[in-house]
Amino acid sequence: MSTLTDPLLPVSGPLRTALRMAHIPIPYSAYMRQIALATAVAAAAYLAGIAYLTHAGYRILLFSVVPDAITKILLFLILIAGVSGALYSYPFLVAQGRKTKIDLDLPYAITYMQALSTTMTVYEVIRTVYEEMDLFGEVSKEFGMIVRDVELFGEDLHTAMKNLQRVTPSPNLADFFNDLALLSDSGGDITAFLAARSGFFREVAEREQEMALQTIEIMAEVYVTAFVAGPIVIMIMILSQNLAGQGDLASWMPLITLGIPAGALLMIGILHILLPTENLDISRREDWDRERPDVSQPTGEVDPDLLQTVKRRNRAFSMLKVLKQPFRHYISNYDWSLILSMLFGGVATALFMLGHFDEWFPTFTTEVSICIIICVSLFPVMIAYEGRRWYVNSVEHQMPEFLRELADMKDIGMTLQSAIHRIANTKLGLLSSELQITSEEIRRGVSITNALVRMEERIGLVSVKRAISLVVKASEITDHLRETLMVAISDFEHYLKMKRERFNSAFTYIAVVYLSFGVYLYTALELNTRFISSFTKFDVAMDVAGNVTDMFHVAIVLGAFSGIMAGQLSANSIMSGFKHSIVFLIATVVVFIVLIGGAL
């Protein structure tokens with residue numbers, strides 16, 4: 001099949017370029033075959049499903065007016081176009097998402113390059129940025145393309161940079177390497193060039209974030225219109241038909257209860273691909289090998305009893321650290337929260353299966369039980385995520401003050417060691433405890449460079465590692481650190497400014513989701529109390545209990561996924577939405593059990 005279809009494919013084209021920009025390791029011809037195969041499988045599955053429904057006597061009527069045959073043909077065409085279009089568009093979405101992430105992280109990478117350029121060659125600087133993958137993300141991956149071409153393919157640095165310009169999704173990065181190649185060939189001042197470009201790319205990053213926020217705004221409007229306002233309109237329409245004996249909300253329930261999750265998951269996936277996630281990663285490790293590189297590794301046989309003793313002591317020390325700081329350990333690793341989530345969810349499910357919820361909630365027992373199980377399952381992970389966010393924000397807001405005090409003390413002639421000793425005794429919140437450990441290590445003879453590296457690894461935040469790495473690299477070169485410290489402060493304050501602007505914009509989207517879900521609950525309340533009670537004197541036959549149950553089901557689905565969507569819009573993380581889902585589900589139970597249930 002490959003030999004027959006490959007000659008028919010174009011040698012170059014937008015999809016082939018998008019695959020390379022997206023770093024999808026699939027050849028163009030193989031990807032096209034995968035699209036064709038996936039489309040054929042979807043078509044076969046659809047036809048099999050339609051054959052079964054037809055044999056069972058079911059009919060599909062679109063909006064109750066389009067005939068069954070035409071509806072099946074329309075759905076088939078929509079499925080084929082949707083599957084093939086989604087797979088074709090996927091590389092373009094990934095490439096666009098990588099472009100956004102590259103443009104947002106590029107200023108920090110250039111600042112880092114500026115600190116290294118005084119003692120390293122251009123290629124050594126590029127390789128160092130590539131190795132710092134946890135600091136610069138997608139930028140490091142692009143720099144890795146240059147390292148690959150030079151070390152594996154034998155290209156010279158100038159050719160490797162030209163190759164990257166053709167395949168990078170970021171025109172800004174391509175322009176940067178074009179200017180860097182010209183400057184390197186002409187023998188210009190690389191450090192001065194990097195200092196100038198750093199400020200320029202900060203402005204580019206701000207514009208890129210504005211475009212990302214516009215994308216979030218559009219997605220929020222689409223979600224509210226299609227998946228919140230839509231069910232409200234359907235409820236009102238069906239209830240009006242129900243009054244005339246012509247409609248039934250139950251017939252629309254599969255479309256609503258399946259359409260809302262499917263639409264929400266699709267939008268969450270698109271946002272995850274296109275936009276960077278709020279970085280709350282905490283990666284801690286103790287780096288004990290940097291201090292004594294001159295000590296050789298032990299040779300010969302090692303006493304196995306000694307190894308077992310060392311392992312037992314290490315486990316004991318690890319357990320002691322957990323017991324001393326349980327909350328920090330809990331928020332740094334989601335495994336514990338996931339275990340608690342399964343435990344709490346299992347206990348709630350067992351109570352439901354044993355019938356205890358029947359005693360506590362005699363009406364809508366199943367619906368309330370589902371809400372409780374979801375809430376208690378999400379709660380431990382929500383605590384871990386929000387605790388981690390609090391920790392990250394607290395440390396990040398203290399870093400500029402620490403760097404500024406460090407610069408001020410260097411101005412009055414203090415050494416870096418003395419400045420850290422003095423700052424360790426000041427009140428900097430969570431950062432003070434780490435500085436005190438660093439100060440004590442320096443007193444015990446650890447070099448200032450290794451003490452700072454250990455501090456950044458203990459804290460484990462990418463933003464802190466960027467700032468401390470600048471100071472460490474500069475301290476290895478010179479004792480005059482004021483300029484580097486001011487660059488690090490400027491970098492960090494720019495990062496906090498971007499983060500603050502995103503939070504302020506995200507608050508608007510969260511408010512829109514809360515308002516729209518509140519409108520749904522209020523509409524359900526009014527329709528099932530005052531609106532229906534006004535028709536009782538006309539002796540209209542209505543299934544009030546069935547309508548309330550169906551609306552309760554919609555509210556559960558809508559509340560759970562609207563909360564997750566709020567988190568995705570605000571921080572591009574579904575865990576950020578767990579707290580909103582819990583609030584929505586609690587509000588749902590209150591409205592349907594207390595207000596609507598009490599009025600019926």
Side-chain angles (χ1 to χ4, degrees), residues 100-144 146 161 168 170 172-177 179-180 183-184 188-209 276 279 395-396 399-404 406-407 410 416 449 452-453 456 459 461-478 480-501:
T100 300
K101 296 170 185 175
I102 290 170
D103 289 344
L104 291 177
D105 285 340
L106 189 56
Y108 312 115
I110 294 177
T111 302
Y112 192 72
M113 293 173 69
Q114 177 188 347
L116 300 177
S117 62
T118 55
T119 57
M120 293 184 178
T121 64
V122 174
Y123 177 72
E124 289 174 338
V125 170
I126 292 173
R127 180 170 181 78
T128 303
V129 174
Y130 157 66
E131 292 172 349
E132 299 290 352
M133 190 77 68
D134 58 334
L135 300 185
F136 306 111
E138 297 295 335
V139 175
S140 294
K141 292 180 182 179
E142 295 299 281
F143 280 46
I146 296 177
M161 287 193 286
T168 180
S170 171
N172 296 312
L173 184 61
D175 292 342
F176 168 74
F177 273 114
D179 297 340
L180 182 62
L183 187 69
S184 178
D189 189 345
I190 300 294
T191 304
F193 165 75
L194 293 174
R197 300 302 283 175
S198 176
F200 169 75
F201 281 113
R202 287 182 191 173
E203 298 177 359
V204 171
E206 292 180 1
R207 292 196 297 269
E208 189 67 32
Q209 178 163 281
N279 196 338
V395 173
E396 287 181 345
M399 274 301 296
E401 184 179 353
F402 161 65
L403 296 173
R404 195 169 284 109
L406 203 60
K410 289 293 293 181
L416 191 57
T449 299
L452 288 174
V453 169
E456 75 176 37
I459 295 174
L461 303 185
V462 170
S463 55
V464 173
K465 288 182 179 181
R466 287 173 179 167
I468 299 298
S469 295
L470 282 177
V471 178
V472 169
K473 294 296 182 183
S475 66
E476 293 173 348
I477 300 168
T478 178
H480 302 285
L481 299 177
R482 173 160 182 87
E483 183 178 349
T484 301
L485 287 170
M486 296 311 296
V487 170
I489 293 170
S490 177
D491 242 20
F492 215 99
E493 289 181 339
H494 172 261
Y495 166 77
L496 292 178
K497 175 188 174 185
M498 298 271 288
K499 196 172 181 178
R500 190 164 52 249
E501 289 177 351

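- Using a 4.0 Å cut-off between charged nitrogen and carboxylate oxygen, Arg197 and Asp179 count as a salt-bridge pair.
- The distance from the CG atom of Leu485 to the NZ atom of Lys410 is 8.0 Å, given to the nearest 0.5 Å.
- Atom CG of Asp105 sits about 10.0 Å away from atom CG of Leu135, to the nearest 0.5 Å.
- Asp103 and Ser170 get closest at one heavy-atom pair: OD1-OG, 2.6 Å.
- The ring of Phe177 has its center closer than 6.0 angstrom to the ring center of Phe143.
- The shortest distance between side-chain heavy atoms of Val204 and Leu106 does not fall below 4.5 Å.
- Residues Leu461 and Met399 fail the side-chain proximity criterion, which asks for heavy atoms closer than 4.5 Å.
- When all heavy atoms are compared, the tightest approach of Met133 to Lys141 is SD-CG, 3.7 Å.
- In Tyr130, the OH atom is not crowded: 12 or fewer heavy atoms of neighbouring residues, nucleotides or ligands sit closer than 6.0 Å.
- For Glu206 and Lys497, the salt-bridge test passes: some basic side-chain N is under 4.0 Å from an acidic carboxylate O.
- Using modelled atom types, one side-chain atom of Ser140 and one backbone atom of Glu132 make a donor-acceptor pair closer than 3.5 Å.
- What you find for Leu194 and Ile110 is that their closest heavy atoms are O-CG2, 3.4 Å.
- Counting heavy atoms from C-beta outward, Phe402 and Ile468 have side chains that approach closer than 4.5 Å.
- Salt-bridge check for Arg404 with Glu493: passed, with a basic side-chain N closer than 4.0 Å to an acidic carboxylate O.
- Counting only heavy atoms from C-beta outward, the side chains of Leu406 and Leu416 approach each other to under 4.5 Å.
- To the nearest 0.5 Å, the span separating CG on Leu470 from CD1 on Ile489 amounts to 11.5 Å.
- Under the 3.5 Å distance criterion, the side-chain polar atoms of Thr128 are matched with a main-chain donor or acceptor of Glu124.
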Quiz item: Thr100 and Glu138: side-chain contact (heavy atoms from CB on, under 4.5 Å), yes or no, with the steps?
Solution: CA-CA 10 Å; Thr100 300; Glu138 297 295 335; over 6 Å; no
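- Distance CG/Asp134 to CZ/Arg466: 9.5 Å, rounded to 0.5 Å.
- The minimum heavy-atom distance between Ala109 and Val139, with the atom names listed, is CB-CG1, 3.7 Å.
- Residues Phe176 and Met113 have side chains in contact (heavy-atom distance under 4.5 Å, counting atoms from C-beta outward).
- Nearest approach of Val472 to Leu452, heavy atoms of both residues: CG2-CB, 3.8 Å.
- Between the OG1 atom of Thr484 and the CG atom of Leu403 there is a distance of 11.5 Å, given to the nearest 0.5 Å.
- Taking the charged nitrogens against the carboxylate oxygens, Glu131 and Arg127 do have a contact shorter than 4.0 Å, which makes a salt bridge.
- At least one donor-acceptor pair under 3.5 Å links the side chain of Thr111 to the backbone N or O of Pro107.
- Ring geometry, Tyr112 versus Phe136: the interplanar angle falls from 30° to 60°, so the pair is classed tilted.
- A donor-acceptor pair under 3.5 Å is formed between the side chain of Ser117 and the backbone N or O of Gln114.
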Self-check item: Ser463/Lys499 under side-chain contact (heavy atoms from CB on, under 4.5 Å): CA gap, chis, key distance, verdict
Solution: CA-CA 12 Å; Ser463 55; Lys499 196 172 181 178; over 6 Å; no
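- Scanning both residues, Glu501 and Gln209, for their nearest heavy atoms gives OE1-NE2, 3.6 Å.
- Phe492 contributes atom CZ, which lies 13.0 Å from atom NE2 of His494 (distance to the nearest 0.5 angstrom).
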